[in-house]
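See below for the structure under consideration.
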Amino acid sequence: MSDSQSVGTDFIRARIVDDLNSGRFSRVQTRWPPEPNGYIHIGHAKGIWLSFGIAEDFAGACKLRFDDTNPTRENQEFVTAIEEDVRWLGYRWQEVVFASDYYQQLFDWAVQLIEVGSAYVDSLSREQISAYRGTPTEPGRDSPFRDRTIGESLDLFNRMRAGEFADGTHVLRAKIDMAHPNINMRDPVMYRILHAHHHRTGDAWCIYPTYDWAHGQSDSIEGVSHSICGLEFENHRPLYDWFLDQLGVWHPQQIEYNNLNITYTMMSKRRLRALVEERIVDGWDDPRMPTLRGMRRRGYTPTAIRAFLEKVGLSKTEVMVDAGLLDFCQREELNRVAPRVMVVLDPIKVVISNYPDGRQETFDAENNPEDPAAGTRAITFSREIYIERDDFTEDPPPKYFRLFPGGEVRLKHAYYITCTDVIRDQSGRIVQVNATYDPESRGGQTPDARKVKGTLHWVNAADAVLVEVRLFDRLWTREDMVNLGDLDFRDFVNPESRVTVTNALAEPGAIGFDPGTRLQFMRHGYFCVDEIDTRPGAPVFNRTTSLRDTWAKASNR
RNA sequence: UUCCCGGUUGUGUAAUGGUAGCACCACAGAUUCUGGCUCUGUUAGUGGGGGUUCGAGUCCUCCCCGGGAAGCCA
């Protein structure tokens, strides 16, 4: 397969190949243009993956451009956080730039448009402008100020810029067509008066360009070849093109892709903010949040996120991707690289009656059956151990092959044991399981090669370490958190989205990893050492995703 | 009612006008010192009607369905 084919076959890359072949563009320059008004999430990751990924694939370059044209909502905190998150995802920008870097050029170009009669200052109120715009089915009407002389508009615009007018008193508009079927072409606003402090330009400006006026021109200044954006800007493309044509400057090609929606996941920035502000979650980095910070803390890896994005692909269809696909990608990666350890989440004591009291022995346990190079670690074994309460039952259902009275199971890496009886407290709750072991089964097999279907994880009572484990599940109980209509998203919070286990017991080998380290808790799932709440010697583990569990599925039926 | 965009198995995504494929999910089985991993197999799709063509998911046409558009947000 040739290089050009390995670049990929999605419709955007295909168009770029065409543009390169036809000579329309000689190189690929892209940009990823977040507004610094919030933390970015997995949906943004798709845009990042596309714009940065395309630049990489075509040996071009991609700039990180902050689209900071609305000073009332943007600030430096978000700039820093977004830079961090993009880097974490694994992308490197050619340069960090800001739309505000181009304010003067944008202003000069606006003057140029006024001078040729393609823009004018309108003095209608916000409400009037809206009323004059018409509706999707009715044409708009010209503003009475539309035929203002060029000189008058120029004068007014300069005075707007000089700060002579209050917010909302005048705007600069492009002069296109108030009856245009595309409402974006009905004399769109280019500048509004905003006496607001900007996080970068300070108080240098009191008029700010709108998205439509700033975006394409910023692309042009940067020599962008392909401007990749969401479907919501499709209706803006004619305007994007119109401005560039009026100016006669470098003309990038805007291409739209479908945004990412995931089942049981809510990505609306506004609602995410509400979750944080109303303390429904702990913060932007809560492991249940779809923010990159949240996912990072949860234990998701940048590589798995990118693999996921690649598997999802792109089109112009609105989609709802199964959240399970992300977990599949995450498991696929971690299965290869995550060290295995044994952790008992809900311990029940097992006493092995025929194992000598006071004796302790050591086994070599492989760290990762998928990777022999990962080596082994020592685990200790003695008369008293703990197993998972779920791994024992007094009345086993059909095809159950965990521990039950009279049944034999293998303790991973150690011996076969057979349950003899149980001990209860006054309430009837089982507090201890008694068992005998087969000394011949040392290491996990016997000379008679008899089959034991069940293999349980366990920890040695003598050296098990108490750890905190946080079991995360989907934040929402509703699959479609995009189209809620009049429903309140708060009504769909999953009460079991976080279950904190404080009495889990871990083998000593699970302790001492750096925060952020990812492990497999055998038979449970993939966990990472929490980067915030972990203390020396007191790890907190976050469950990223569970292992596939075909038994749970089967027994639920 | 206007303009723009879209519609391929349950989900997502492929198919110079020429055998509708891949992945996830689901299901069945094999294997297994993780009921994990791995392996094998199964179910299931071109929204509808006309037309062009030897041949249509692909081109034309009409219809149906879904989404977007009336911010001085991006």
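These numbers were taken from a predicted model, which means no experiment stands behind them. Values reported hereafter were calculated over all heavy atoms of this structure, with side chains retained and with hydrogens, waters and symmetry mates removed.
- Per the geometry, CG belonging to A:Asn235 stands 13 Å off P belonging to B:C3, to the nearest Å.
- Distance CG (A:Asn258) to C1' (B:G7): 13 Å, rounded to an integer number of Å.
- Within 4.0 Å of A:Arg410, counting heavy atoms only, lies at least one base atom of the nucleic acid.
- Judged by distance alone with a 3.5 Å cut-off, a donor-acceptor contact links the side chain of A:Thr137 to the base of B:U1.
- Pairing for B:U19 is absent, with no Watson-Crick or G-U wobble pair whose two atom distances lie under 3.5 Å.
- Within 4.0 Å (heavy atoms only), A:Pro33 reaches no atom of the nucleic acid at all.
- B:C39 and B:C5: their P atoms are spaced 43 Å apart (whole Å).
- For the pair A:Arg186 CZ and B:G71 P, the interatomic distance rounds to 11 Å; values are reported in whole Å.
- B:U32: no Watson-Crick or G-U partner with both key distances under 3.5 Å is found in any strand.
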Practice task
Take A:Arg173 and A:Ile129 through the side-chain contact (heavy atoms from CB on, under 4.5 Å) test and state the conclusion after the steps.
Solution key: CA-CA 11 Å; A:Arg173 293 231 251 172; A:Ile129 288 179; 4.0 Å; yes

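- For the pair A:Met320 CE and B:G10 C1', the interatomic distance rounds to 14 Å; values are reported in whole Å.
- Outside the 6.0 Å centre-distance limit, the rings of A:Phe243 and A:Trp109 are not counted as a close aromatic pair.
- Residue A:Glu138 places no side-chain atom within donor-acceptor reach of the base of B:U1, judged by atom type and a 3.5 Å distance cut-off alone.
- Separating the CG atom of A:Asn335 from the P atom of B:C37 is a distance of 7 Å, rounded to the nearest angstrom.
- A:Arg237 comes within 4.0 angstrom of nothing in the nucleic acid, heavy atoms only.
- The glycosidic torsion of B:G66 lies more than 90° away from 0, placing the base in the anti range.
- In this structure, A:Phe401 and A:Trp551 have tilted ring planes: the angle between them lies in the 30° to 60° band.
- The C1' atoms of B:G6 and B:G41 are separated by 36 Å, rounded to the nearest whole Å.
- Across all strands shown, A:Leu547 has heavy atoms under 4.0 Å from base atoms, whether or not it also approaches the sugar-phosphate.
- Contact annotation for A:His180: no contact, since no heavy-atom pair falls under 4.0 Å across all strands.
- Among the protein residues, A:Asn37 comes within range of no part of the nucleic acid, since none of its heavy atoms lies under 4.0 Å from any strand.
- A:Gln253 and A:Ser227 share no donor-acceptor pair across their side chains, judged by distance under 3.5 Å alone.
- Residues A:Glu77 and A:Tyr39 have side chains that bring a donor and an acceptor to within less than 3.5 angstrom of each other.
- Not a single donor-acceptor pair under 3.5 Å links the side chain of A:Glu333 to the backbone N or O of A:Cys329.
- Residue A:Thr69 is in sugar-phosphate contact alone, with no base atom involved, counting any heavy-atom pair closer than 4.0 Å across all strands shown.
- Across all strands, A:Tyr208 comes closer than 4.0 Å to no nucleic acid atom at all (heavy-atom distances).
- A donor and an acceptor atom never sit less than 3.5 Å apart when one is taken from the side chain of A:Arg331 and the other from the base of B:G36.
- Comparing atom distances between the A:Arg133 side chain and each of B:G35, B:U34, B:C72 picks out B:C72 as nearest.
- If you check every strand for non-hydrogen atoms under 4.0 Å, A:His215 touches nothing.
- B:G35 has A:Trp551 stacked on its base ring, the centres lying under 5.5 angstrom apart and the planes within 30 degrees of parallel.
- B:G47 and B:G12 are spaced 14 Å apart, taking the P atom of each and rounding to whole Å.
- No hydrogens or angles were tested; on distance alone, a donor-acceptor pair under 3.5 Å links the side chain of A:Glu370 to the base of B:G36.
- Taking atom C1' in both B:U11 and B:A26, one finds a spacing of 11 Å when rounded to whole Å.
- The partner of B:A69, taking Watson-Crick or G-U wobble pairs whose two distances both stay under 3.5 Å, is B:U2.
- Residue A:Lys412 is in base contact, counting any heavy-atom pair closer than 4.0 Å across all strands shown.
- Across all strands, A:Thr135 comes closer than 4.0 Å to base atoms (heavy-atom distances).
- Put simply, A:Lys316 has no side-chain N or O that comes within less than 4.0 Å of OP1 or OP2 on B:G67.
- Base contact: A:Val171 has a heavy atom under 4.0 Å from a base atom.
- Electrostatic pairing of A:Arg73 and A:Glu35 counts as a salt bridge here, judged by a charged N lying under 4.0 Å from a carboxylate O.
- Taking the side chain of A:Tyr211 as heavy atoms from C-beta on, and the options B:A74, B:A26, B:C24, the nearest nucleotide is B:A74.
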